[in-house]
Amino acid sequence: MTMPGQKMYIVTTPDLIQAIQKQPKALAFPPIEAKFASKICGSTEDAHKILMKNVNGDDGDWGLSMEAYAGMRAALSAGPGLDDMNRVMIQNIAASLDSLKPSPGSRTKIELAKWLRQSVTAATTNSVYGPHNPFKDLAVADAFWQFESNLMALLVGILPSLTAHKGLAGRAKVVKAFEHYFRTDGHKQASILMKNRYETSAKNGVSVEDIARFEVGGAVAILVNTAPAVFWMLLLAYSHPGLVDELRRDIGEMMTEKTSNGDTIRSLDITSLKTSCPLLTSTFQEVLRYRSMGTSVRQVMEDTILDSKWLLKKDCMIQMPSRVIHKDKSIWGSDVDKFNPRRFMKDEPQKTQSGRRPNATAFRAFGGGTTLCPGRHFATNEILAVVTMFIMRYDMKPTAGEWSLPTTQNTNVATVVMEPDTDVEVELSTRDGFEEGQWAFDLKDSGMVFAVVAEDRAE
Ligand code: HEM
């Protein structure tokens, strides 16, 4: 495809995408990210120059770009850093779900997307930024979402002061809050992810002001996809006939109960849920297949022959839209347009021509190759934590009477999981038989990795 001033290759088959991902130096992502970072974050020319030094790692694994990737990956892989984040997250989620409990005989009314955004933003940012989390100030959290809703206008970059003035004002507020956070050493009590990110930038000579600006981009990566993923998973679970009942049965088998001082404490262990509830994990993957629309991009750094067949010319762009692959009948079968919560279960008969399950590389919600989402394990835990405890504790009905899925036309450019255009007002009541007692999460055997993408099977 030829766009004005730029030739673009659109790649829509998993095999070719695998071939592209195997050549990260010739078909690269970091130079594109660096180009957009200053537009999104508003960082200075000095910071941009630092980021561009050895941006693609051609001269070795040094420099801000390469060290930042390595630092993020290390902090978000199974280990003590991720465990610490998960522990804060599950406590926050359990407390949020407590706050929904209606008084006896009544119901709690919420706007589902709004409530999830607030709860997930608080749980995620407390996990990443620690006790001095700037998002604890709700005005800062609101400013961030104001900025997020204007991202497209900022990226297009035509007179942003007119087209994206609210976004610019929101960003300025968040940057100021981050600057204060770093200057008062808030990051020193934060997650390993945050410490790594700060130290990598400082070591490479980035000023505190620009570290604060870059962190706005970091916040986009950690925040924008999880809440919409939970939103769709809850909406699809409650509206799909019989699904909530089946999930409750499976999750119930994993739930443990004990009595302490006459009070019942019910616990859900995230690791057991991931290993022993195949319908739950299949629903999770299917929600992401059905509701994600991210596009991985690469820049062609030198003329490259792909798959002994295709000549990719230097300086062109490559786009790999996941939505096209997730909606491809030849990959997923004749029911591709349907939400089938059992699709990813091992013994589910497949509607593909061969009758076999699609290759795992066709699941693209977390991207792949060197840019594979490093936060996928944390995101999986967070989404499953909210969804399982929500389902076990509450019945949910739409106040409109019937379930309907909102449209998603205004989904943001930086967002992988579609964002609903309108909210869904729901009424919650406590499930019969679960009115009393307390709820908690466990996190045993946290080193066990649930293979959400093909790369996790190979690890
Ligand atoms: C449902 C939730 C999520 C989805 C679907 C998702 C998906 C993605 C995708 C598709 C990419 C880019 C991959 C590519 O271009 O090939 C990405 C990058 C990234 N994600 Fe996620 N993500 C989610 C949640 C999270 C969470 C919770 C975190 C952190 C706690 C996180 C951290 C990151 C980071 C740090 C990057 C790299 C950004 C960069 O290149 O600078 N993600 N994610």
Side-chain angles (χ1 to χ4, degrees), residues 11 17-18 20-21 24 27-37 40-41 51 55 64-77 81-82 84-86 88-89 116 120-121 123-129 190-194 196-197 200-201 214-233 284-285 287-299 318-323 325-326 361 363-387 411 414-419 452-453 455:
V11 182
I17 290 179
Q18 292 304 304
I20 289 168
Q21 288 178 174
L27 309 173
F29 178 67
I32 303 177
E33 182 167 46
K35 197 153 75 186
F36 287 122
I40 291 185
C41 306
L51 189 57
V55 67
L64 178 57
S65 167
M66 289 296 110
E67 290 165 20
Y69 278 116
M72 277 186 314
R73 249 155 253 287
L76 287 164
S77 301
L82 183 59
D84 287 347
M85 279 175 53
N86 279 328
V88 178
M89 179 272 288
L116 287 170
V120 170
T121 301
T124 310
T125 53
N126 283 336
S127 311
V128 172
Y129 299 119
S191 63
I192 297 187
L193 174 67
M194 184 66 261
N196 283 358
R197 222 147 56 185
T200 310
S201 290
F214 279 148
E215 197 46 45
V216 178
V220 170
I222 67 169
L223 282 178
V224 296
N225 291 307
T226 312
V230 181
F231 173 81
W232 295 117
M233 193 160 170
F284 165 66
Q285 285 182 285
V287 166
L288 290 180
R289 181 199 71 85
Y290 190 64
R291 296 278 94 182
S292 63
M293 49 170 287
T295 294
S296 301
V297 287
R298 300 289 187 270
Q299 185 170 328
I318 304 173
Q319 287 204 7
M320 301 172 269
S322 63
R323 186 98 186 118
I325 293 168
H326 288 167
T361 57
F363 177 73
R364 298 280 313 160
F366 290 104
T370 47
T371 60
L372 173 66
C373 171
R376 66 195 179 283
H377 305 304
F378 180 78
T380 303
N381 284 350
E382 189 166 25
I383 293 164
L384 295 185
V386 184
V387 168
T411 298
T415 313
V416 171
V417 180
M418 297 175 193
E419 295 180 304
V452 68
V453 294
E455 279 92 334

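The basis for the numbers below is simple: all heavy atoms, side chains too, and nothing from hydrogens, waters or symmetry mates. Because the structure is a prediction, the values reported are computed rather than measured. Counting starts at 1 for both ligands and their atoms, in listed order.
Side-chain atoms of Trp232 do not come within 3.5 Å of backbone N or O of Ser292 as any donor-acceptor pair. Checked by atom type and distance alone, the side chain of His326 never pairs as donor or acceptor with a backbone atom of Met293 at under 3.5 Å. At distances below 3.5 Å, not a single donor-acceptor pair connects side-chain atoms of Arg298 with backbone N or O atoms of Gln21. Of the possible donor and acceptor atoms, one in the side chain of Ser322 sits under 3.5 Å from a partner among the backbone N and O of Gly294. Under a 3.5 Å cut-off, the side chain of Thr411 and the backbone N or O of Met418 do not form any donor-acceptor pair. In this structure, Arg73 contributes its side chain and Cys373 its backbone to no donor-acceptor pair below 3.5 Å. Judged purely by atom type and a 3.5 angstrom limit, Thr415 has no side-chain atom pairing as donor or acceptor with the backbone of Asn225.
What sits closest to atom 1 (C) of ligand 1 on the protein, heavy atoms only, is Ile383 CD1, 3.7 Å. Ranking the protein heavy atoms by distance from atom 7 (C) of ligand 1 puts Ala365 O, 3.6 Å first. Atom 35 (C) of ligand 1 has as its closest protein heavy atom Met72 SD, 3.3 Å.
Residue Glu33 touches ligand 1 through its side chain alone, judged by heavy-atom distances below 4.0 Å. Counting heavy atoms under 4.0 Å from ligand 1, residue Val128 does not touch it at all.
Those atoms of ligand 1 with a heavy atom of Phe378 less than 4.0 angstrom away are 27 (C), 30 (C). Below 4.0 Å from some heavy atom of Ser296 lie the following atoms of ligand 1, by number and element: 14 (C), 15 (O), 16 (O). Under a 4.0 Å criterion applied to the non-hydrogen atoms of Gly368, ligand 1 contributes the atoms 16 (O). Those atoms of ligand 1 with a heavy atom of Tyr69 less than 4.0 angstrom away are 40 (O).
Phe378 is not listed as a side-chain neighbour of Ile222, based on a closest heavy-atom distance of 4.5 Å or more.
When only interatomic distances are considered, the shortest N/O to N/O separation between Thr371 and ligand 1 falls below 3.5 Å. Any N or O atom pair closer than 3.5 Å counts here, and Glu382 shares no such pair with ligand 1.
Taking the side-chain contact (heavy atoms from CB on, under 4.5 Å) definition, one finds that Ile40 meets it with Phe147, Leu151, Leu155, sequence neighbours left out. Contacts of Asn196 classified as side-chain contact (heavy atoms from CB on, under 4.5 Å), with partners at least two apart in sequence or in another chain: Ala75, Ile192. Checked against side-chain contact (heavy atoms from CB on, under 4.5 Å), Glu33 has the following partners two or more places apart in sequence or in another chain: Phe29, Tyr69.
Taking a cut-off of 2.8 Å, the protein N, O or S atoms nearer than that to atom 21 (Fe) of ligand 1 are Cys373 SG.
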